[in-house]
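Working notes for the structure below.
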Amino acid sequence: MLAVFDAELRLLRANAAMERAVSLPETRMRGLRLTDIVPDPVSEETERTMSLVFRTGRAQPTPTALRPTGNSSEAGRPATVTPLTGDDGGVRAVCVAAHSRTEEPEHHLTRQRMLLEDPGAGIGTTLDLERTAQELTDAAVPRLADTAAVDLCETPRHSRPTGPLPLRRTAYRAHPPGTPPAAGTEPVTHPAHSPMTRCLTTGRSAVYRMDDPSLVQWRATDPEAARLDRAGTHTLMAVPMLTAGSTLGVALFTRHRNPQPFTPDDLQLAEQLTHRAATGIHNARRFTRERTTTMTLQRSLLPHTLPDQPALDIATRYLPAGTEAGVGGDWFDVIPLSGARVALVVGDVVGHGIRASATMGRLRTAVRTLADVDLPPDELLTRLDDLVLHLSTDESSASADTTTGIGTTCLYAIYDPISRELTHARAGHPPPAAATPDGDVYFLDTPAGPPLGLGGLPFETTTTTLDEGTLLAFYTNGLLNPRETDIDQTLDTLFTALARPSSGLEATCDRILSSLLTHPPTDDIALLIARTKALLPQRVATWTLPHDPAVVIEARHRTTEQLTGWGLLDAVFITELIVSELVTNAIRYGKPPIQLRLIHTDTTLTTEVTDYSSTSPHLRHAHTYDENGRGLYLIAQLTQRWGTRHTPTSKTIWTEQTLL
C-alpha cells in the first residue's frame, strides 16, 4: 500500500493496493485525510507520524501497524513514512508505505474484487441517506449474507457511546424476501448485552455464533434475537458505521440459508462495504445540513412580504433546485421609489451553496442602496458591475472558492404609473416578457448588456410605454432550461401561459410553473409577475412657478386648494410647511424653471419641487442663534420619507406623507 500526502496531510496519490485496501478509487480519496478515509485510532497515530516527518525531514516508522480498514480483523501491516523533498531540500510531501506480512488467499481477493467493483453493488451513488443505507443491504444480500440491516443514530455521535443508543431501522433486506422487522420513524434501542451495542461501545466489529454463551441473556430478552432464532440464524456480524470521527450507527449481517459460518475474510469484506456506506451517509447528512443552512440563509435574504405601492399588482415564486448541486443565488426584489414609481429587480448569482447565497445577499443590499439614490437602470448596473469586480478581487485573494459573483446576471426596471413608462436595462439576463390586455405576448426590447463582473463594458437603458393592465414576467434562466423540449417550444409554452386569462396573478404564477416544469428544476427559479396600473390624471397636480420669492405664497394657496379638492384637509397644514420650505430653497439656491408637483395615491401624498441645478440639500445641525438650517430637519420630522433624485439637467426634492 503506497499513498502520498501533502503538507495538510491530504491524499495526493495512491496505488492500486491502497485502493483495494480501503475499497475506494484514488479519485474519491484525493483531497481527504487518512482519518477521513479510514477512521481509526491507527490512522490518527499515522497522521501524527506524518506531521513529525514534515517537521524533522527524516523517515519514521509508524508506532502501530496500519490496517486496510479502521475495524479490520486482518493483521496490521508495518508502515514507514518517508519525506519527499523538492529542489530546495524542503519537504513537499510524505509517502506512507505499508507492507503486507502475508498474501491473502487468491479466491478471497477475487471474490472481494468482484463484489466491490460490481456496478450493481454501487453504494453511495446518491446524496440520499436512506437510499445509501439500502444500497449497503442490497450489495450484501445474497452474495455475502442472507439478511442485512442498517440501524442509524438520529444524530451522529462524535464520541464513542458508553451504553445503548436509540437507533432507527433505516434499511433491511433478506434472501429470500420475507416480512421485514419493524422499521420506520420510531426509535429502537438494543440492550447493552446485544452484539449491536457491544460493537458500538467498543468501536470494533465482530463475528458471533448464535450459540455463543455470551449471547444467552440477549437471546432470552431481546425480540430481535428471538426473530433471528425463529429464522434459523447460526452466525451474525455486527459492524459499526464509523467515519470522520463520528459514530453513525451499526450494520447487522446474518446467515441462515448459507450453511457456512462467517469467516474473518467475510468480516473484512463487510467492514469495507459498511465503511463505503458510512462515507456516503456522512456526505448525505452533510449535504442535507448545508442545503438546509443555505435555504434558511437565502429565504432570510429574499423579501418576506411585498411592499405596498400604487404602481403594480405583484406575485412571486421562488423554487430551489431539486438536484445535488445545492441552492443557488437567484433573487428578486420590489423597491418603492419616489413619485409613486416602483423598481423591479431579478438576478442570478453563478454557483450554488452558502457562498452563492451570501453573494446574492450582498448584491441585493447594494441594489437597494443604489435604488434609494434613484440611479437610472444603466448607471445602477454599472455601479453593481464595479462592486462585483471588487468582491471578486477580495475573495479570490482570501479563498479558492470561485463563487465571487463574476458572471452574475441582473435585470433592473422602473415603472412610473403616471406616464405608464417602463425604463429597463439588463446585464446578461433574459429579457422580460409582456402580455397586453388584448392577449398579445412578446419580449420587451431590452438591450442585452454583458454579465456583471467583466468590467469596462457599457449597459443601455430603454423606455417602453405600456397599456394599463399589461402583464410583465421577470424570471431567472432556470425557468427556461429545457430538458425534453427545445427552447422554442419552451418559449411558446411560456407565452401561452401568460396569454391565458386567470383569476389572479397567483394563479398565473402557478400556471407558468406547472406548464414549464415537468420535472424537478435543475436550477433555481425566481419568478416575478406584475400587472401595471395607471394613476389617473386627476390624482396629479403640476405647476410651473416663476423664479420669484413672492411666488411662495401663491404655491401655498394652490396647494391648499388642491388638497381641499382631494378631501385631504388634515394634510393641509403640514403640506403648506413643506411647500414653503422646498420652494423657498429652490428659489434661493436653485435655477429656473421651478416646478411643484403633488401626487395623491390611496395611501400616500407626495410633494415634489424640481429646479435646474445640481446642488443637493442635506440635513445640518442649526445652532441656537442661526437664522437658517432648520427647514429640512422639520421636513424630516413631519414626513415618513424624503429624498433627492437627479437627472442630467435637474434635481427634484420630494417628500412622502402617509394618509391615514
Note to self: Could you walk me through whether Gln657 and Thr575 satisfy the side-chain hydrogen bond (donor to acceptor under 3.5 Å, both in side chains) test, starting with their C-alpha distance in whole Å, then the side-chain angles of each, then the deciding distance to 0.1 Å, before giving a yes or no?
What the structure shows: CA-CA 9 Å; Gln657 304 170 65; Thr575 308; 3.1 Å; yes
Item checked: Derivation of the side-chain hydrogen bond (donor to acceptor under 3.5 Å, both in side chains) call for Ser338 and Arg645 -> CA-CA 8 Å; Ser338 62; Arg645 67 174 182 267; 2.7 Å; yes
Margin query: Set out, in order, the CA-CA distance, both residues' side-chain angles and the distance that settles side chain to side chain contact (heavy atoms under 4.5 Å, CB included) for Ile653 and Asn585, then state yes or no.
Written below: CA-CA 10 Å; Ile653 313 299; Asn585 283 347; over 6 Å; no
Note to self: Let's go through Trp654 and Thr644 carefully: what are the C-alpha distance in whole Å and the side-chain angles of both, what is the deciding distance for side chain to side chain contact (heavy atoms under 4.5 Å, CB included) to 0.1 Å, and is it a yes or a no?
What the structure shows: CA-CA 6 Å; Trp654 58 269; Thr644 307; 5.7 Å; no
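Other residues, nucleotides and ligands place more than 12 heavy atoms under 6.0 Å from the NE2 atom of His646. Environment of OH in Tyr442: crowded, with over 12 heavy atoms of neighbouring residues, nucleotides or ligands closer than 6.0 Å. The number of heavy-atom neighbours closer than 6.0 Å to OH of Tyr612, taken from other residues, nucleotides and ligands shown, is 12 or below. More than 12 non-hydrogen atoms from other residues, nucleotides or ligands lie less than 6.0 angstrom from NZ of Lys533. Heavy atoms from other residues, nucleotides or ligands lying under 6.0 Å from CG of Asp570 number 12 at most. A 6.0 Å sphere centred on CG of Asp308 holds no more than 12 heavy atoms belonging to other residues, nucleotides or ligands.
Between Ile529 atom CD1 and Leu312 atom CG the span is 12.0 Å, to the nearest 0.5 Å. Rounding to the nearest 0.5 Å gives a distance of 7.5 Å between CG of Asp372 and CZ of Arg641. A distance of 5.5 Å separates CG of Leu659 from NE2 of His600, quoted to the nearest 0.5 Å. Thr359 OG1 to Trp331 CH2: the interatomic distance, rounded to the nearest 0.5 Å, is 10.0 Å. Separating the CG atom in Leu563 from the OG1 atom in Thr559 is a distance of 6.5 Å, to the nearest 0.5 Å. To the nearest 0.5 angstrom, Arg30 atom CZ is 14.5 Å from Arg10 atom CZ.
A donor-acceptor distance shorter than 3.5 angstrom exists from the side chain of Thr532 to the backbone of Asp467, with no hydrogens or angles considered. Put simply, the side chain of Thr476 gets close to the backbone of Ala526: a donor and an acceptor are under 3.5 Å apart. In this structure a side-chain-to-backbone donor-acceptor pair under 3.5 Å is present from Arg511 to Arg500. Judged purely by atom type and a 3.5 angstrom limit, His429 uses its side chain to pair as donor or acceptor with the backbone of Tyr475. Under a 3.5 Å cut-off, the side chain of Glu561 and the backbone N or O of Thr564 do not form any donor-acceptor pair. In this structure, the side chain of Asp416 engages the main chain of Ile418 through a donor-acceptor pair within 3.5 Å. Side-chain N or O atoms of Asp128 include one that pairs as donor or acceptor with a backbone N or O of Arg131 at under 3.5 Å.
Ion pairing of Arg539 with Asp602 is present here, as a side-chain N (NZ or NE/NH1/NH2) and a carboxylate O approach within less than 4.0 Å. Ion pairing of Asp333 with Arg364 is present here, as a side-chain N (NZ or NE/NH1/NH2) and a carboxylate O approach within less than 4.0 Å. Between Arg341 and Glu421 there is no salt bridge, since no side-chain nitrogen of the basic residue lies less than 4.0 Å from a carboxylate oxygen of the acidic one.
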Name every donor-acceptor pair, under 3.5 Å, that has one atom in a side chain of residues 451-462 and the other anywhere in the protein, sequence neighbours excluded.
unit_1 : atom_1 : unit_2 : atom_2 : d
Thr461 : OG1    : Asp378 : N      : 2.9
Thr461 : OG1    : Asp378 : OD1    : 3.2

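For the pairing with Ile335, the side-chain contact (heavy atoms from CB on, under 4.5 Å) check across Val367, Val342, Ile414, Leu370 returns one residue only, Val367.
Between Leu337 and Ala343, the shortest heavy-atom contact is CD1-CB, 3.9 Å. The two residues Ala434 and Leu444 come nearest to each other via the heavy atoms CB-CD2, 3.9 Å. Here the shortest heavy-atom pairing between Cys410 and Val345 reads SG-CG1, 3.9 Å. Residue Gly428 comes nearest to Thr409 through the heavy atom pair O-CG2, 3.1 Å, listed as atom of the first residue, atom of the second, then distance.
Between the side chains of Ser613 and Asp611, at least one donor N or O lies within less than 3.5 Å of an accepting N or O. If you check the side chains of Thr639 and Glu656, you find no donor sitting under 3.5 Å from an acceptor. Between the side chains of Thr610 and Arg597, no donor N or O sits under 3.5 Å from an acceptor N or O. For the 3.5 Å distance criterion, the side chains of Tyr318 and Asp524 qualify, holding a donor opposite an acceptor. Thr490 and Thr493 form no side-chain donor-acceptor contact under 3.5 Å, judged by distance and modelled atom types alone. A donor atom on one side chain and an acceptor atom on the other are not found under 3.5 Å apart for Thr464 and Asp445. Remark: the Ser580 side chain and the Arg556 side chain contain an N/O donor-acceptor pair separated by less than 3.5 Å.
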